[in-house]
Amino acid sequence: MPSSAGLAAWLDSYQRALRDALDASARDGFRRIHANTVTGALDPAEFSHTARRHLSRHLLGLGLTLDGLAADFDGLGLADPRLAEQRLDHLRATLELARELRTPLALVNIGGFGDPRSEPLAIELLEQTAELADRFGVRIAVRDPIGASAALAGQLGRLGAPQLAATVDSLRAAGGADEAAALLDHAGIVLLRDARRHGSRLEETAYGAGDVDFRGLLEALRSREYSGPLVLRRDASGAAVDALRQGREYLEFLMAERAAR
């Protein structure tokens, strides 16, 4: 069973300035955080070495660990043909920042696996991502926000790169179509969100109020001896101020319930 110590906060969920978000995550009882370098103050191109030292000291003072950095691009992510080179440069800078801050994990979006129009570029960039993971010594979990999970799982299996993993997004399990299952054997990061399905649309909800079977997901991770982070993430604007704290308490309850059996 994944441990509650592995619960982490997605910093962008707080929709606040960096220092305020860090303070809020500590107040909400988290000890691990994951931060996005595409938005906000952690853009590596603008985050000076002095700022990086100050961040390390501030994290230490709050009792927080920066467990992961994300290049959370929109759309096709790295595989956007108009922006691929620029975004690959940003990923390199993110991994350099991760190495300097001794952050062991990174997340990057590469979209379009399983679609014959976008898959060739997605595969090429997945291979380049594997090379960057080896070069910087940072494990990278890949997320395809739009393509088939089984197609990404197949490419990860083909490459067999030890520094490359998958990002499992619990929203893929909403509404009964558990497409997240295809990636569980490759999981390096698990994003935890809840939502209700309304036709083809997903609406984020409080944890436990939506269609995601968190008990089933946690059991599937336990059976695979998953020990990586479980990152609580809310993207909806106007989410309740205590949304992540509520999520942490709900997940801890489920973990304690399972451990008591």
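No hydrogens, no waters, no symmetry mates; every other heavy atom, side chains included, goes into these values.
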Item to complete: Starting from the C-alpha separation in whole Å, work towards a yes-or-no answer on side-chain contact (heavy atoms from CB on, under 4.5 Å) for Arg234 and Trp10.
Response: CA-CA 8 Å; Arg234 288 293 303 270; Trp10 181 263; over 6 Å; no
Any side-chain heavy-atom pair from [X] and [Y] closer than 4.5 angstrom?
X	Y	result
Asp134	Glu131	no
Leu55	Phe47	yes
Phe73	His90	yes
Val108	Leu125	no

With the threshold set at 4.0 Å, does a side-chain nitrogen-carboxylate oxygen contact exist between [X] and [Y]?
X	Y	result
Asp72	Arg143	yes
Glu204	Arg196	no
Arg158	Glu127	yes
Arg224	Asp185	yes
Arg87	Asp89	no
Arg222	Glu219	yes

Item to complete: Kindly assign one of parallel, tilted or perpendicular to the pair Phe214 and Tyr207, based on the angle between their ring planes and the thresholds 30° and 60°.
Response: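 Phe214 and Tyr207: tilted rings.
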Is it the case that the side chains of [Y] and [X] hold a donor-acceptor pair, with the cut-off being a distance below 3.5 Å and no angle test?
X	Y	result
Ser149	Arg172	yes
Thr50	Arg53	yes
Asp194	Ser170	no
Asn109	Asp144	no
Arg57	His54	yes

Spatial distance of atom [atom1] ([X]) from atom [atom2] ([Y]) [nearest 0.5 Å]:
X	Y	atom1	atom2	result
Leu218	Asp213	CG	CG	9.0 Å
His198	Glu203	NE2	CD	4.0 Å
Asp28	Leu244	CG	CG	6.5 Å
Leu69	Leu101	CG	CG	6.5 Å
Phe30	Arg245	CZ	CZ	9.5 Å
Leu76	Ile110	CG	CD1	11.0 Å

Worksheet item: Please walk me through it: do Thr39 and Asp12 pass side chain to side chain donor-acceptor pair (under 3.5 Å)?
Response: CA-CA 8 Å; Thr39 61; Asp12 271 12; 2.6 Å; yes
Discussion item. Between Leu105 and Ile189, is the side-chain contact (heavy atoms from CB on, under 4.5 Å) condition met? List the steps.
Written reply: CA-CA 8 Å; Leu105 286 168; Ile189 293 174; 4.2 Å; yes
Worksheet item: Given the rule in the salt bridge (Lys or Arg N to Asp or Glu O under 4.0 Å) test, do Glu96 and Arg92 qualify, once you have shown the distances and angles that lead to the verdict?
Response: CA-CA 6 Å; Glu96 182 179 17; Arg92 288 190 192 96; over 6 Å; no
Practice prompt. Please assess Leu230 against Leu191 for the test side-chain contact (heavy atoms from CB on, under 4.5 Å), listing each intermediate value before the final yes or no.
Written response: CA-CA 6 Å; Leu230 302 169; Leu191 296 180; over 6 Å; no
Worksheet item: Where do Glu252 and Leu7 come nearest, in terms of heavy atoms and distance?
Response: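 Of all heavy-atom pairs spanning Glu252 and Leu7, the closest is CG-CD1, 3.7 Å.
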Item to complete: Begin with the C-alpha distance, continue with both residues' side-chain angles, and end with the deciding distance and a verdict on side-chain contact (heavy atoms from CB on, under 4.5 Å) for Leu107 and Val231.
Response: CA-CA 11 Å; Leu107 177 155; Val231 185; over 6 Å; no
Item to complete: Give a yes or no on this: more than 12 heavy atoms of other residues, nucleotides or ligands lie within 6.0 Å of atom CZ of Arg19.
Response: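 Count not over threshold, so no.
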Practice prompt. Could you tell me whether Arg201 atom CZ has more than 12 heavy atoms of other residues or ligands within 6.0 Å of it?
Written response: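 Yes - once you tally the heavy atoms of other residues, nucleotides and ligands closer than 6.0 Å, there are more than 12.
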